[in-house]
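Here the structure comes first, spelled out in structure tokens, and everything after it is commentary.
Excluded from the calculations below are hydrogen atoms, water molecules and symmetry mates; all remaining heavy atoms, backbone and side chain alike, are included. Naming: A, B, ... by sequence-line order, numbering from 1 per chain.
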Amino acid sequence: MYILATTQASNFVSGVDRAFLIILSVCFFFLIGLTVTMIYFIFRYNKKRNPQATQIKGSTTLEIIWTGIPLILVLIMFYYGWAGWAPMKKAPEDSFQIDVVARMWNFTFQYENGKKTDTLFVPMNRPVKLNLNSMDVIHSLYIPAFRVKEDVVPGREKFLWFIPEKEGVYELFCTEYCGLQHSYMYNWVKTMPQEDFDKWYTDTTAQVASAKVDSPTAAGKRIMTNIGCFACHTIDGNKLVGPTFKGLYGHEVTVKAGGETKTVVADDEYIKKSILDPNSEIVDGFNKGLMQSYQGQLSDTEISQIIEYIKTLK
Amino acid sequence: MQASSQIPHDVNYLDYKGKYKGLLSWILSTDHKRIALLYMFSMMTLFMVGVCLGLAMKLELIAPGKTIMGPQDYNAVFTVHGVIMIFMIVIPGLPAVFGNFLLPIMIGAKDVAFPKLNLFSWYVYIAGAVLVISSVLFGDGTPDTGWTFYAPYSFKTGTNMLPAIFGAFVLGFSSILTGLNFIVTIHRLRAPGMTWRKLPLFPWTLYGTAWIQLLATPVVGITLLLVSLERLFGIGVFDPALGGDPVLYQHLFWIYSHPAVYIMILPAMGAISEIIPTFSQKHVFGYNAIVVSTLAIAFVGYFVWGHHMFTAGMSGTAQYTFSILTFLVAIPSAIKVFNWISTMYKGSISLETPFYWAVSFIFVFMIGGLSGLVLGALATDVYVHDTAFVVAHFHFIVFGGVGFSFFAAIHYWFPKMFGRMYDKTWANVGWIFFFIGFLALYTPMFYLGLQGMPRRYYDYLEQFHSANILSTLGSWVMTFGLVITVINLFRSAKIGEIAPANPWNGKTLEWTVPSPPPVENFDVIPVYEEQDGPYEY
Amino acid sequence: MENEKHHIVPYRTYFYILAALLVFTLLSIEVTSIELGGLTVAAALLFASLKSFLVLTYFMHLKFDKPYIRIMVVFVLMIFLAVIIITFFDYFFR
Amino acid sequence: MSQAIHHDEHYDAEGSKIGMWLFIFTELLLFGGLFIIYSVYRYMNPDAFHLAAEELNRTVGSINTIILLISSMTIAMSTSALQKGQKGTTILLLEITFMLGLIFLVNKYFEWGVKFDHGIFPGSQHMLDTLSQGEILFFGLYFAMTGLHAIHIIVGMIVIGFALAGVSKGKVHADRSALLENAGLYWHLVDLIWIFLFPLFYLIH
Ligand code: HEA
Ligand code: HEA
Ligand code: CUA
Ligand SMILES: [Cu+2]
């Protein structure tokens with residue numbers, strides 16, 4: 001991927017790729033040179049050709065040379081590594097800001113106008129700053145085509161920025177191990193020319209909320225996809241990390257609350273509570289602490305839309 | 001107090017009948033050579049487990065989606081694989097096996113300084129191993145955090161972390177005791193006349209390693225202890241919800257675990273520094289430089305831990321400081337490589353199996369080390385951090401480095417340890433399969449990493465498929481080579497030709513005693529004169 | 001053969017050292033109850049270091065032992081200090 | 001086993017002393033890890049640490065400091081006594097040291113007890129409800145560090161117990177004093193750590 005021209009999609013590409021080229025060429029030079037020398041010695045000074053070894057105990061000059069030259073080389077490598085990285089540390093003031101919420105196991109991107117998506121949409125040729133927040137454990141946001149990566153640490157305010165320079169759809173991975181579905185915590189970045197982006201940004205219909213999942217569905221389902229409920233819950237009766245939503249509504253659920261076991265009927269109230277305060281009542285057979293509260297992330301209307309959707313899952 | 005003279009000097013340590021018989025004569029023996037073999041067999045067993053887990057992972061990764069196991073199992077498998085390989089095999093590996101066996105003999109001593117403590121370390125080791133394994137067998141599920149136990153995931157997950165963490169802590173304790181024993185041994189028990197500058201290179205590396213074990217291991221000990229307390233009581237030290245800083249956990253973890261990689265590699269380098277001169281029949285090139293570089297690696301290696309955290313959110317200042325220190329620690333390794341190769345210059349090289357392993361060690365070590373430079377530079381590390389590239393780097397250098405060196409060493413010292421020769425043809429066949437399989441297994445991972453495939457991924461996108469297939473095939477070839485090598489060694493220990501005391505014409509002290517060595521190594525403690533030295537051919 | 005005759009430290013020396021340690025303890029208690037801002041930490045640590053120096057040299061016999069043990073101790077403390085300082089490269093500049 | 005006897009024959013006081021020192025180094029770094037954590041969190045939450053330290057009782061801390069310092073002196077003296085051949089004095093001094101260690105622990109017990117009564121202990125709901133994050137960290141560290149230190153006191157007392165037995169049985173004497181000296185070194189280590197714990201937790205307000 002790195003080698004393909006199509007992935008050279010941000011302002012950092014040239015600096016990072018230059019560092020790669022320089023370091024890799026020094027590495028290959030030494031690797032090949034030393035290997036060839038070694039093999040040559042093995043043949044040339046084989047016991048058959050050279051029955052008597054010449055005792056040489058060392059040479060200070062040589063030691064100094066082969067300390068000095070690598071020293072200079074590594075300093076050069078350091079420099080290019082630093083030069084390609086330094087601009088990543090400071091985002092321009094006028095960046096287009098997007099809040100990223102990472103949780104087990106999806107990313108949600110929240111735009112200033114309140115739009116929420118699970119695919120990242122960004123305008124081209126304009127600095128974009130992602131503010132990184134984690135709800136639970138450490139994740140890491142990685143966009144290979146942009147050459148950027150930054151851990152998303154709970155309790156810390158961090159950011160990542162870039163200028164997208166090529167139109168297209170690129171991968172976006174979570175690269176910090178974060179549990180069961182870590183390897184499914186990937187998504188896409190879609191870069192668009194400014195006009196297209198503006199059109200998308202101001203459009204309130206649902207169709208383009210996501211680059212890949214764009215079948216029009218109920219609002220509730222779209223919200224749940226974007227905020228990542230399906231990382232843990234299914235709608236087809238299978239059990240993942242959390243219970244399935246199939247047949248949930250209106251049926252009895254066994255829950256543990258503060259050491260007691262009781263049964264409750266899954267009505268609107270119950271589901272709302274499960275979303276806003278999931279750890280107060282734990283469904284029998286599931287672990288506490290996995291699902292985090294969505295307090296403040298979902299509005300009341302959104303929650304009722306979710307409930308409406310869950311109702312349809314008979 | 002005349003007991004020592006009752007030990008007959010013509011009886012070797014394998015046949016010696018002490019107070020106990022059978023298994024007891026092994027697990028109660030304080031003889032450093034028997035303890036070395038105890039370690040070797042326990043490690044071999046654990047190692048087989050680790051290898052099988054590695055193979056299972058590769059099999060899973062042969063195609064995207066589910067192949068043989070689900071994601072939870074995969075996560076557990078790489079965790080246990082990493083913990084076993086790092087904490088139980090490569091960290092204690094060479095010191096505990098070859099260090100124990102050879103250190104006293106190489107410096108002309110009858111045993112290590114504290115023989116009972118030595119045996120005790122083995123028990124501690126076993127206790128730690130049992131604890132870790134018990135976390136797999138009992139409780140709420142196998143640990144699934146990766147061998148790094150990163151907070152806060154390590155106290156969020158519902159799995160059986162406590163025994164695993166505590167086991168790692170106990171294993172660290174065993175490694176501290178071994179290190180302590182070696183330092184005292186080297187300080188106090190060198191043969192008369194063996195000055196520091198006549199100390200062979202393998203003991204030198206053990207000395208450097210022992211210091212790192214002593215000074216770095218307690219830091220991870222306390223860290224793991226705190227994670228346990230966190231899980232038990234929630235004291236808050238690394239929990240962001242209570243104000244703790246998960247990045248601080250990473251600092252403390254790597255303050256140990258980076259030096260730990262030098263605990264692994266230094267003795268491996270030491271063994272290579274013995275093997276190359278012997279098979280070149282030539283004085284080692286630049287003895288002083290090699291010693292100084294050993295100590296320099298041990299010392300500077302203590303201060304570069306931050307290169308594992310370039311994307312974790314350290315300050316920029318810390319980031320480039322760690323980057324530059326990382327580059328500095330590469331220099332002493334380079335010095336060693338240059339000196340090894342120069343030792344071959346104008347030598348009289350005999351091509352024996354240990355030499356093949358040693359040369360292939362240099363080759364894979366160079367690849368691993370040079371890829372470390374890619375990781376050490378800031379811009380490039382941000383790109384490849386936590387991708388398959390890192391996995392390739394450390395397999396090349398940990399298992400390429402330590403594993404190849406282990407096999408070089410076992411073939412080199414095999415006649416000394418068991419008094420018999422291995423079968424040379426099979427040994428060479430084993431090596432060539434292993435070597436080719438190794439390259440096929442891990443080289444594709446460099447490519448995958450550059451393509452951007454994250455590590456610890458159970459499932460992957462279609463574009464990563466072809467390289468993964470090659471890698472899985474490589475793992476089979478390599479295992480084939482491994483099986484040949486191991487079977488050959490086991491057979492030869494029983495039925496190989498009887499080996500002479502000094503089959504390779506080596507000049508260090510272990511070649512002056514019979515093979516296998518007698519119980520107390522030396523009848524008379526050797527004395528070094530002015531002109532004697534470990535590499536005087 | 002190796003068991004060189006020990007230097008026997010008189011009780012008196014130990015007593016003086018204890019006195020000094022107690023004085024330092026009192027001083028550090030006094031100093032830290034004055035408001036000195038950031039200097040409080042420095043003062044408290046200074047006294048602690050003085051005290052540990054005394055304990056190391058006299059109680060732990062470093063003064064009377066072979067110099068290499070002293071070198072080792074200094075070396076270990078330096079490494080530890082360096083580790084703290086390097087860790088603070090992160091926190092200080094965040 | 002004959003090998004073992006054989007090695008007793010090579011009694012190497014210097015060797016075991018280095019061994020002890022090396023062990024002390026690892027102990028220092030074990031606490032070193034905690035000191036790093038402490039200093040980082042103190043740096044990050046200066047005010048909360050300030051506030052939380054007020055909760056601790058200076059007097060108890062000072063008394064314990066003095067106790068430990070005295071016990072350090074007595075055990076150091078016991079080595080001198082042994083070398084002078086005064087077995088009785090040695091035993092007496094060791095016993096005093098042991099008792100002082102015990103008193104230290106009793107004090108600690110009451111000190112912790114008071115905290116527990118106030119609802120301050122790791123993981124307590126009271127702490128979560130009323131204290132700020134920095135304060136919780138302070139107390140978390142307080143319990144971890146003084147707790148670990150108390151464990152070391154207990155181990156030190158056991159070692160002293162062994163030395164005591166050795167001296168009274170005559171196994172440890174002027175020419176074979178390594179066990180006693182090492183017990184002393186270990187005890188001083190425990191003291192040394194307290195010398196730093198005391199100002200860090202009790203004094204710096
Ligand atoms: C035996 C173990 C071992 C050894 C010796 C090394 C050696 C080195 N390592 Fe490696 N490393 C690991 C084991 C090891 N490593 C492990 C296990 C991990 C991953 C942990 C995890 O996350 O799970 C890791 C990860 C790791 C990272 C973090 C990557 C990441 O997660 O982003 C980095 C970054 O700097 C790094 C760098 C280096 C460097 C610069 C060296 C240097 O010491 C290498 C020096 C050697 C050479 C340079 C080659 C020989 C010299 C020449 C051929 C001459 C020419 C040389 C020059 C011109 C300089 N390593
Ligand atoms: C010594 C270290 C060591 C060794 C030998 C191996 C051996 C193998 N590893 Fe290992 N691996 C790790 C250390 C090691 N690994 C670590 C630390 C991780 C990271 C875990 C984590 O992410 O937390 C990892 C992760 C890891 C992954 C990545 C998981 C992921 O990120 O998704 C994969 C993937 O295929 C893999 C495969 C294999 C295979 C196929 C083998 C084997 O099948 C190869 C077979 C081995 C041999 C044929 C011989 C080697 C010989 C010796 C080492 C000497 C033995 C010494 C004595 C007996 C004393 N390993
Ligand atoms: Cu989120 Cu991995
Ligand atoms: Cu490292």
Might you work through the side chain to side chain contact (heavy atoms under 4.5 Å, CB included) test for B:V247 and C:D90, ending with a clear yes or no?
-> CA-CA 10 Å; B:V247 177; C:D90 179 6; 4.3 Å; yes
request  = With side chain to side chain contact (heavy atoms under 4.5 Å, CB included) as the test, would you mind laying out the steps for B:L248 and C:Y91 before giving the verdict?
outcome  = CA-CA 9 Å; B:L248 184 62; C:Y91 288 91; 3.3 Å; yes
- Task: Show your reasoning for whether side chain to side chain contact (heavy atoms under 4.5 Å, CB included) applies to C:I86 and B:Y302.
- Result: CA-CA 11 Å; C:I86 295 182; B:Y302 212 91; over 6 Å; no
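For the options B:A318, B:S315, B:G313, heavy-atom pairs under 4.5 Å to chain C are most numerous at B:S315.
Among residues 74-83 of chain C, the residues having any heavy atom closer than 4.5 Å to a heavy atom of chain B are, in sequence order, C:F75, C:V76, C:I79, C:A82, C:V83.
To the nearest 0.5 Å, the span separating CZ on C:F89 from OG1 on B:T321 amounts to 5.0 Å. For the atom pair CD1 (B:I183) and CE (C:M72), the distance works out to 6.5 Å, reported to the nearest 0.5 Å.
Only the side chain of C:Y68 comes within contact range of chain B, judged by heavy atoms closer than 4.5 Å.
Take B:P203 and apply the side-chain contact (heavy atoms from CB on, under 4.5 Å) test, not counting sequence neighbours, and it matches B:L103, B:M106, B:I107, B:L199, B:P200, B:E274. Checked against side-chain hydrogen bond (donor to acceptor under 3.5 Å, both in side chains), C:Y16 has no partners two or more places apart in sequence or in another chain. Every residue meeting the salt bridge (charged side-chain N to carboxylate O under 4.0 Å, His left out) condition with B:D245, not counting sequence neighbours, appears here in chain and number order: C:R94.
More than 12 heavy atoms of other residues, nucleotides or ligands shown are found within 6.0 angstrom of CZ on C:F93. Annotation: B:Y150, atom OH; neighbour count of heavy atoms from other residues, nucleotides and ligands within 6.0 Å is above 12.
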